[in-house]
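Below, read A as the first sequence line, B as the second, and so on, with proteins coming before strands; counting in each chain starts at 1.
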Amino acid sequence: MNQSGRAKAEKSINTAMRLSAVRDPVQIQGLFKPYVRDIVLGFACLLFCNVGLLSVPRLLNLAVEMLSHREEKGWYNDGFLGWQPSHMTHVVIAIALVAVFSALFRIASRAYIFNVGRYIERDLRRDLFRHLLTLRAEDRPSHNIGDLMSRLTNDLQSVRLLSGFALLNMLNALLVFAGTLPVMFSLSVKLTLFALAPFVLVIVVVQRMSKLMFRRTLANQKALGNLNDVLQENLQGQVLIRAFVRRFQSSKDFRRVNGDAYSAAMKLATIRLLLFPLMGLMAALAIASALFVGGHEVLEGRLSVGDIVEFNARIMQLAWPAMAGGFIISVYHRGRASLARLNEIFAFRTAVMDGDLVRKIQGQLRFNNVAYGYPKKAENKDAESSRVDADGVESRLPQQPIEVLSKVNFELQAGQFLGLAGPNASGKSTLAKLMSRLIDPSSGAIEIDGSKLEDFNLSSLRDQVAVVPENAFLFSRTIRENLSLWRDDIDDVEINRVLDMVDLRQDLESFPEGLDTKVGERGWTLSGGQRQRIALARALLRKSPILILDDALSAVDAETEANILHALRGGFLTGAQTLIVIAHRLEALRSADQVLVLSEGRIVERGTHSELLALKGLYARLAEERADEK
Amino acid sequence: MKSNLSTPNDVQRDLNEAELLKRLLREIYPYRKIFVFALILYLPLVGAQLAQPVVIGRLIDDGIKALNASRISMWAGAFLGLVVLHATSQMAQLYLLQRMGQGAIRDLRQRLFDKIQRLPMRVFDRMPLGRLMTRVTNDVESLSELFTSGAVQIVGDVLFLAGTAFLLASINLSLFGRALIVAPFLFVGIVFFRRAARAAFQRVREKLSNINTETQEFLSGLEVIQLFALGESIESEFAIENEGYMRANNKAIILDAGIYAFVDALSTLTAASIMWAATGMDFSSGFSVGVLVTFIDALSRFFHPLRELSNKYTVIQRALVSADRVYELEDMEDEEGLEKSEKFLVKKFDTPAPNFQGEIEFKSVSFRYEKDTPILKDVSITIKHGERVALVGRTGSGKSTVAKLLQRQYEIQAGRLLIDGKPLQEISVESWRSELAVVPQDGYLFAGTIGSNLRLGRASASDEELSLTLVELGLNELVERHGGLGAVVDAGGKNFSQGERQLLALARAFIAKPNMLILDEATASVDLESERKIQKATEQVLSGQSALVIAHRLNTIQSADRIIVMSAGKVVEEGSHEELMALEGEYAKLVEIQMSEDSKSQLVLDEKL
C-alpha cells in the first residue's frame, strides 16, 4: 500500500486516464502486504507467549501431584520420576521463568500486531488525504465535509480495529484453541466435550449481542446528537427565548430529548451489563460441568486430582479467546463495510491531464469557442462517452449535460484589464475556474501566450494564474502564514508593501499581535472585508502574470474597492500583469479595456464601461439596479 | 439539595474537593433507594465470589479425594448455584447503578439547561457558546462515569479486597504473609504503568485532535489548496502529523500491554512462590492440597481489584474537575425579577385590557457593558402609548442598546427607566417582556414548523388567525411555496433565505399582538427584492401600533411620528422627518450621505455607519 498508494495517486494526476470505474481499489489483503514481516514476528511472539501460558496449568498439575503424593506417602525416591523437594524447586523455577517470558512475549506480540493496525491506519489516512487533494470538486464523492470527516475518522477506525485488534485476537484464539484442545482431549474426551459446550454458546451470544451493541451505540450517539442540536439552537436563540418568554416551553423541549438520551443510554447499558456477567457465567458453567463430570471420573480412576486442577486452569484460558471470537466476527463485518466506504473515495479519480510545459507566462489570453457543462448527477460513469474534438480538447461529457457556458470567444493582450459582468449564475465564476483548471472545458480551447492550457504543467500554471475567489477561505493560522502560504522566501518588506495596496495596514495595527495574530482564535474574528483583503494580498504576493478577481471584494466598500483596483492597475502591476475582474459593482469596471457581459452562459454584450452604458442593454440595466439600491 | 440550588451569592470558588463530593452525593439523593439496594447486592456478589474457591477446594478434599460421589455432585451443584447467584446479582447491580447514574445526569442536565434560561444576558456576552455547550454535555457526561461505575464500585472493590484478604489469612496466615510481600511491588508497578500510560494516552488524544483539526481545515480549504498548487506542502505537513499520531499510539500500545502482562506475571510468580513455600510445610495440621488450590485461586482473585482501584482514582479526579465547572455555572446568579411559575404567562390573554398603558420614559439613563467605555450617556427618551418612534444614528451610537435596556436584557446603571411612571425593576421581567415583541436583526427561526415559529409569542393563536395575518402582510404566497404552516423549519431557519426569515420574524412579532413592537434593524442584511417586501410588510404591521424602530436605511422611517437621532451615546436631535431636515444637522447629514449620487453604494454607508 505504501508505494502502491503513492503510485496510484500520482498516476491519477500524470496520466490521461479517464474516470475508469475501479471496483474496490483497496483490498484488505493489499493493506497487510507491506507488514507481513511484523505479522509473522508478532505471530511468533504470540506463539511463545501461549506456549508459556499454556504450560503453566501442566506445571501446576505437576506441583499439585507432588504435594499430593507427599501428603499421602511422603517424599520418596525410587526410579526415574522420584518425588524430591528439589524437583518441586525446579517446577517452581520453571513456573517463574515461564511467567516472566510469557509476559515479555505478550508485550512484544501486541506491539507488533497492534502496530500493524496503526501502520495500516496511517497508510490509509495518508493515501485518502493525498487522493482527496487531487480530486476536483466535481469528482468528490461527497461535498459534505462532515461526511468526508466521518469516513476519515470513524471508518478509518473500524478498518484499524479489523487490522489490529481483530487480527491479534484471531491469531491468539487459533493458538490457544490449537494448544489447549489437544491437551484437554488427551486428558479426557468426555470432560472436554462437556466443558466446551458453553463456549460454543459464548461465541454465538457475543456475536449476536455485539451486533446489537453496535446498533445501540449508534442510536445512543444519535440521541446525544439531537440533544446537542436542541441545546445549541436554544443557546443561539437566547435573545428570542427571552423576548418571547419561552423558557418554560424550551425546558419542555429539552426534557423530551433529554429523556430520549436517557433511554438510549439505558438501552446501550443493558446490553453491556448483560454481556459481561453472561461471559463470566459461561466460563463458570464450563468449570462446574468439568468439576462434576471430572469428579466422577476421578472416582472411577480415570483421572487424577491434578488433572482436574489443570482442566480448570485450561478452561479459564479458553474463556477470553472464546469471548473475543464473538467480537472478532462483528469487528470484521464492520471493518469490511467501512473499507467499502473508503473505497468509494478511491474509486473517484480526477482525470486532470498534466502537461509538461513550464514557461514564464506573458499574459496573453485567448478563449476559442469555449463551452462548459457538467454531467447530471447519478450518471453512470461507464456510460460516459469520451470524444476528442477538432482542437484536440478531450470532452468528458455524457450526452446531455447541463450547459453553463457556451460559445465563449475573446482575446486579451498581456497587461490588459478585462471586466466580466452579468446577473447571478450567468457563468462568470465558471470562467475563472476554467482559467486555473479547477475544471476543464467540455469543448473549445483556452490558450495562454499561444499555448493550450492543458499543455502547461499544472503547478506551474497555477503559480502564474492567481484566482481570488469571493469566498475568502483562510487557514486557522497566523495572518503571516496565510499570506506566505507555506513559502519561506517572503519577507516583511514585501508583505507590508502588499498590505498597503489592499488597505490593510491600519486594520492590522488593531489586531492583538499584528501579523502574528491567529485567525479565528480566542474570539478574534475578522470581518468579511478583512478576510477578502487578506485573500487578495496572498494572491498578489505570488506576483502572477495573470490575476483574476472573482467578486473578490464584494464585502469591501466601494471606495476601498476602487482604491485597490486603481493601485492594481497603476503602481504595483506596472501594466505587465493581465487583470480579470468579475464584479457586481459595475463602477469597478470603469477603467477596464474591455468588458464582457454574460447572460445564461453566453456573451451578450461587449465593449468598454461607457460604451456599454450607452448601449442601454443588459449592462445598463444592471447598473441602474445598483443605483436603485442606493 | 434544593436550598443549595437557590443560594445566589457565590463569591469565589476554589476546588474544595470535600464540598464537591458532598454536592455530587446529593445528586444521587433522589435515587437513594436504588443506591442502597445496589450496595446490599454486594453481599451475595462478594459472598458468591469468595465462596467459589472454597467450594472447589471442598470438592477436591471432601469429594474427589474422599472418593465420595454424592459429595462431588453436591459441591459441583453448590458451585453452579454460586455461579448463577454471582452472575444474576452482578447484572441486577449493574442495572441499578445505570438507572441511578443515568437518571442523576439526566436530572443534572435538565437543571443546567433550565438554569441557562434564567441567566442574565451579560453572561452570554462573556461566555462563548461552545463553552456553555461543553458544560451541559461533556462535563455532565464525564460525571456519569463516576455515578455508574466509579464511586460505587470502589465500595465493591474494597469489600472484595477485604473479604479475599480475610479468606486468605484464615486459610493460612503465614502463606498470606508471604503473598503480601508482593503487594508493594505490585502497587509501585501499577502506579508507574498507569502514570506512563495516562501521559501516553493524553498525548494520543492531543495528536488525534491535531490531525482531525488539520483534516477538517484542509478539506474545507481544498479549493485554495488547489488554486495555489499547495498540494505538496500540505501533504508533507499532514504526513508529519499523521506519523506523530501513529508514533504516539505505538508507545501507548506497549504501555497498555505492559500493565496487563505485568499484573498477570506477578500473579503467576506469587502462585509459584506459594507452591514453593508449601513444599516445606507440614500438611498434617489441617493443611491439604485442596486448601492449597483454594489459596492459589483466591490469591489470583486478589490482584484484580487492586488493578481496578488504581484506575478509579483517575476517574474521580476527572469527575471533580467537571463537577467544579458544572457547579460554577449552577451557582451563577439568576436574572433579576424572574417569575417562579409559568402561570403568569396565561394571564395576559385572559385580561382584555392591556396590563400597561405603555408610556415609557428613559430619564437620564447611562449604561456601559462590562469594563467597556460608556455606551449611553445621560439619555432621556419618552415614548407615549400608540406612538411610533424611530431611532437613527451611526453604528455604535447606542441605539440598539436602548432597545436592549427596554427589554431589560441588561439593567440600567444610572438614571431611571419608567413604565407608566413605575420603575421597570419593580415589574416582573417576564410579564413585561410578554408585552413586547421583537424583530431582531438576523431573523432567527427555530427548528420545527412555520406554524410553531409563528406561534412563538402566542401559543394559543389559531391556524385561521395565522393565515389571516399572513394574507394581511402578503406573506401567504411565501408560506405556501414552502408547503404551508406545517412546513419543516431547520435549526436556525437554514432552509429559508435571509429575506424570508426576516419576513417570517416580522409576522411572528405581529401575531404576538404586543403592546409594543421593537424592530431592530430588521432589514439590515438582505437583498434588494427582499428589502422591498419587508418594507411593505413593515408598513402594514406598523399602522396603528406603538413601536420602536431602529433603522439605518432612513427611507424606511420617514413616516414615523417622531425620529430620535443618537450620536456617541447621546440624543442629539428629535422631531419629525421634515423638522429634522429643516434643522440641517446630524440627521440631514445622514440622509445626504445616503442619498448622494456618488456615495457609491449602500455598502459604503454600511462601512461608515
Novice: About how many Å separate CG of B:L230 and OG of A:S459, when rounded to the nearest 0.5 Å?
Specialist: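 Spacing of OG (A:S459) from CG (B:L230) equals 10.0 Å.
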Novice: So which residue, A:L227, A:I93, A:T270, ends up with the most heavy-atom pairs under 4.5 Å with chain B?
Specialist: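 Maximum pair count with chain B is reached by A:L227.
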Novice: Who wins among A:S436, A:A111, A:S251 for the most heavy-atom pairs under 4.5 Å with chain B?
Specialist: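 Highest number of pairs under 4.5 Å: A:S251.
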Novice: Go through the atoms of B:L59 and report whether side chain, backbone, both or neither lie under 4.5 Å from a heavy atom of chain A.
Specialist: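 Side chain only.
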Novice: Should A:R477 and B:E217 count as an ion pair when the cut-off is N to O under 4.0 Å?
Specialist: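 Yes, A:R477 and B:E217 are salt-bridged.
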Novice: Could you look at A:L274 and say if it's the side chain, the backbone, both or neither that has a heavy atom under 4.5 Å from chain B?
Specialist: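 Both backbone and side chain.
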Novice: Could I get the full list of side-chain contact (heavy atoms from CB on, under 4.5 Å) partners for A:R118, not counting sequence neighbours?
Specialist: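 For A:R118 the side-chain contact (heavy atoms from CB on, under 4.5 Å) partners, ignoring immediate neighbours, are A:E121, A:R160, B:Y245, B:M246, B:N249, B:N250, B:I253.
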Novice: Select one option (side chain, backbone, both, neither) describing which atoms of B:V438 are under 4.5 Å from chain A's heavy atoms.
Specialist: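 Looking at B:V438, backbone and side chain both touch chain A.
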Novice: Roughly how far, to the nearest 0.5 Å, is the CD atom of B:Q117 from the CD1 atom of A:I241?
Specialist: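 Separation between the atoms: 6.0 Å.
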Novice: Tell me, for B:R408 versus chain A, whether the close heavy atoms (under 4.5 Å) come from the side chain, the backbone, both or neither.
Specialist: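 Contact with chain A is absent: no heavy atom of B:R408 under 4.5 Å.
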Novice: Do the side-chain N and O atoms of A:N258 and B:R106 include a donor-acceptor pair separated by under 3.5 angstrom?
Specialist: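 No, no side-chain donor-acceptor pair sits under 3.5 Å.
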Novice: Quick check for you: among A:F101, A:F475, A:F129, A:F292, which has the greatest number of heavy-atom pairs under 4.5 Å with chain B?
Specialist: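 Ranked by contacts with chain B, first place is A:F129.
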Novice: Looking only at heavy atoms and a cut-off of under 4.5 Å, which of A:L299, A:V293, A:I95, A:L291 has the most pairs with chain B?
Specialist: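 Between A:L299, A:V293, A:I95, A:L291, the count favours A:L299.
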Novice: Any donor and acceptor pair, going by atom type alone, linking the side chain of B:Q226 with main-chain N or O of A:L438 inside 3.5 Å?
Specialist: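 Such a contact is absent between B:Q226 side chain and A:L438 backbone.
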Novice: Given that the side chain runs from C-beta out, which part of B:D256 has a heavy atom under 4.5 Å from chain A: side chain, backbone, both or neither?
Specialist: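 Contact with chain A involves no heavy atom of B:D256 at all.
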Novice: Does the side chain of A:R126 pick up a donor-acceptor pair with the side chain of B:N242 at under 3.5 Å?
Specialist: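 Short answer, no.
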Novice: Which one, B:Q93, B:K404, B:R99, leads in non-hydrogen pairs under 4.5 Å with chain A?
Specialist: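 Ranked by contacts with chain A, first place is B:R99.
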Novice: Quick check on A:Y119 against chain B: is it the side chain, the backbone, both or neither that has a heavy atom closer than 4.5 Å?
Specialist: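 Contact with chain B involves both backbone and side-chain atoms of A:Y119.
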Novice: Name the member of B:N212, B:I254, B:L132, B:L80 that forms the most heavy-atom pairs with chain A at distances under 4.5 Å.
Specialist: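 Highest number of pairs under 4.5 Å: B:N212.
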Novice: Between B:F124 and chain A, with a heavy-atom cut-off of 4.5 Å, which part of the residue counts as in contact: side chain, backbone, both or neither?
Specialist: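 Answer is side chain: those atoms of B:F124 sit under 4.5 Å from chain A.
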Novice: Which atoms of A:V56 come close to chain B, meaning under 4.5 Å heavy atom to heavy atom: side chain ones, backbone ones, both, or neither?
Specialist: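 Just its side chain gets close to chain B.
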Novice: Pick one of side chain, backbone, both or neither for A:L104, based on which atoms fall under 4.5 Å of a heavy atom in chain B.
Specialist: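 Neither the backbone nor the side chain of A:L104 comes within 4.5 Å of chain B.
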Novice: Which atoms of A:L224 are under 4.5 Å from chain B, going by heavy atoms: the side chain, the backbone, both sets, or neither?
Specialist: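 For A:L224, the contact with chain B is made by the side chain alone.
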Novice: Is the shortest distance from a Lys or Arg side-chain nitrogen in B:R433 or B:E335 to a carboxylate oxygen in the other one below 4.0 Å?
Specialist: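 Salt bridge between B:R433 and B:E335, a charged N being under 4.0 Å from a carboxylate O: yes.
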Novice: Which bit of B:L227 comes within less than 4.5 Å of chain A, counting heavy atoms only: side chain, backbone, both or neither?
Specialist: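 Both backbone and side chain.
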Novice: Do the ring centers of B:F446 and B:Y444 come within less than 6.0 Å of each other?
Specialist: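 Here the rings of B:Y444 and B:F446 have centres that are less than 6.0 Å from each other.
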Novice: With a 4.5 angstrom heavy-atom cut-off, which part of B:Q407 approaches chain A: side chain, backbone, both or neither?
Specialist: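 Contact with chain A involves the side chain of B:Q407 alone.
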Novice: CZ of B:R247: more than 12 outside heavy atoms within 6.0 angstrom?
Specialist: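 No - once you tally the heavy atoms of other residues, nucleotides and ligands closer than 6.0 Å, there are 12 at most.
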Novice: Using heavy-atom distances under 4.5 Å, tell me whether A:R538 contacts chain B through its side chain, its backbone, both, or neither.
Specialist: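 Both parts, backbone and side chain.
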Novice: Considering only heavy atoms, which portion of B:E237 lies under 4.5 Å from any heavy atom of chain A: side chain, backbone, both, or neither?
Specialist: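 The side chain, not the backbone.
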Novice: Should we count OH of B:Y95 as having more than 12 external heavy atoms under 6.0 Å?
Specialist: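 Counting other residues, nucleotides and ligands, OH of B:Y95 stays at 12 neighbours or fewer.
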Novice: Which answer fits B:F79, side chain, backbone, both or neither, if we ask what part of it has an atom under 4.5 Å from a heavy atom of chain A?
Specialist: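 Side chain only.
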Novice: Picking from B:G258, B:G77, B:S73, which has the most non-hydrogen pairs under 4.5 angstrom with chain A?
Specialist: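 Top count of heavy-atom pairs under 4.5 Å with chain A: B:S73.
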Novice: Name the region of A:I308, side chain, backbone, both or neither, that has any atom closer than 4.5 Å to a heavy atom of chain B.
Specialist: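 When you check distances to chain B, only side chain atoms of A:I308 fall under 4.5 Å.
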Novice: Which bit of A:N312 is near chain B, if near means a heavy-atom gap under 4.5 Å: side chain, backbone, both or neither?
Specialist: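 Only the side chain of A:N312 comes within 4.5 Å of chain B.
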Novice: Between B:M91 and A:L278, does a side chain to side chain contact (heavy atoms under 4.5 Å, CB included) hold up when you go through it step by step?
Specialist: CA-CA 9 Å; B:M91 285 179 201; A:L278 218 55; 3.5 Å; yes
Novice: Quick check on B:L445 against chain A: is it the side chain, the backbone, both or neither that has a heavy atom closer than 4.5 Å?
Specialist: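 Just its backbone gets close to chain A.
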Novice: What part of A:A466 gets closer than 4.5 Å to chain B, counting heavy atoms only: side chain, backbone, both or neither?
Specialist: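 Contact with chain B: none, neither part.
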Novice: What's the separation between atom CG in B:L97 and atom CG in A:L273, rounded to the nearest 0.5 Å?
Specialist: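 It is 9.5 Å, given to the nearest 0.5 Å.
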Novice: Apply side chain to side chain contact (heavy atoms under 4.5 Å, CB included) to the pair A:F244 and B:S434, showing each step before the final yes or no.
Specialist: CA-CA 6 Å; A:F244 288 101; B:S434 55; over 6 Å; no
Novice: Would you mind telling me which of B:R109, B:E232, B:Q102, B:Q90 has the largest number of heavy-atom pairs within less than 4.5 Å of chain A?
Specialist: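 Sorted descending by pairs with chain A, the first entry is B:R109.
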Novice: Taking side chain as everything from C-beta outward and backbone as N, CA, C, O, which of these in A:T153 sits under 4.5 Å from a heavy atom of chain B? Side chain, backbone, both or neither.
Specialist: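 Answer is side chain: those atoms of A:T153 sit under 4.5 Å from chain B.
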Novice: Chain A heavy atoms under 4.5 Å from B:Q409: which part of the residue, side chain, backbone, both or neither?
Specialist: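 Looking at B:Q409, just its side chain touches chain A.
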Novice: When only pairs under 4.5 Å are counted, which of A:L281, A:L461, A:V298 shares the most heavy-atom pairs with chain B?
Specialist: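 Highest number of heavy-atom pairs under 4.5 Å: A:L281.
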Novice: Under a 4.5 Å heavy-atom cutoff, which of B:A505, B:P440, B:A447, B:A271 has the most pairs with chain A?
Specialist: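 With the most close heavy-atom pairs to chain A, the winner is B:A447.
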Novice: Name the region of B:V84, side chain, backbone, both or neither, that has any atom closer than 4.5 Å to a heavy atom of chain A.
Specialist: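 For B:V84, backbone and side chain are both near chain A.
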Novice: What part of B:A69 lies closer than 4.5 angstrom to a heavy atom of chain A: side chain, backbone, both or neither?
Specialist: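 When you check distances to chain A, atoms from both the backbone and side chain of B:A69 fall under 4.5 Å.
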Novice: Counting heavy-atom pairs closer than 4.5 Å to chain A, which one of B:R71, B:E243, B:E141 comes out on top?
Specialist: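 Heavy-atom pairs under 4.5 Å are most numerous for B:E243.
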Novice: Checking B:Q98 against B:L94 for the side chain to side chain contact (heavy atoms under 4.5 Å, CB included) test, could you report, in this order, the C-alpha distance in whole Å, the side-chain angles of both residues, the deciding distance, and whether it holds?
Specialist: CA-CA 6 Å; B:Q98 283 290 340; B:L94 286 173; 5.5 Å; no
Novice: With rounding to the nearest 0.5 angstrom, report the CD1 to CD1 distance, B:I234 to B:I225.
Specialist: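 Between B:I234 CD1 and B:I225 CD1, I get 4.0 Å after rounding to 0.5 Å.
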Novice: Does any backbone or side-chain atom of A:N115 lie under 4.5 Å from a heavy atom of chain B? Answer side chain, backbone, both or neither.
Specialist: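 Its backbone and side chain both get close to chain B.
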Novice: Between atom CD of B:E223 and atom CZ of B:F228, what is the distance when rounded to the nearest 0.5 Å?
Specialist: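 So the CD of B:E223 and the CZ of B:F228 are separated by 10.0 Å.
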Novice: As an exercise: rank A:V239, A:D229, A:D463 by heavy-atom pairs under 4.5 Å with chain B and give me the winner.
Specialist: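 The candidate making the most pairs under 4.5 Å is A:V239.
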Novice: Residues in side-chain contact (heavy atoms from CB on, under 4.5 Å) with B:S220, at least two apart?
Specialist: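 If we apply the side-chain contact (heavy atoms from CB on, under 4.5 Å) test to B:S220, skipping adjacent residues, the hits are A:I145, A:F473, B:Q216.
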Novice: Kindly check if the number of other-residue, nucleotide or ligand heavy atoms within 6.0 Å of CE (A:M316) is above 12?
Specialist: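 Not buried by this count: 12 neighbours or fewer within 6.0 Å.
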Novice: Would you indicate whether the side-chain heavy atoms of B:I116 and A:Q238 approach each other to under 4.5 Å?
Specialist: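 SC-SC contact between A:Q238 and B:I116 confirmed.
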Novice: Which bit of A:R246 comes within less than 4.5 Å of chain B, counting heavy atoms only: side chain, backbone, both or neither?
Specialist: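 When you check distances to chain B, only side chain atoms of A:R246 fall under 4.5 Å.
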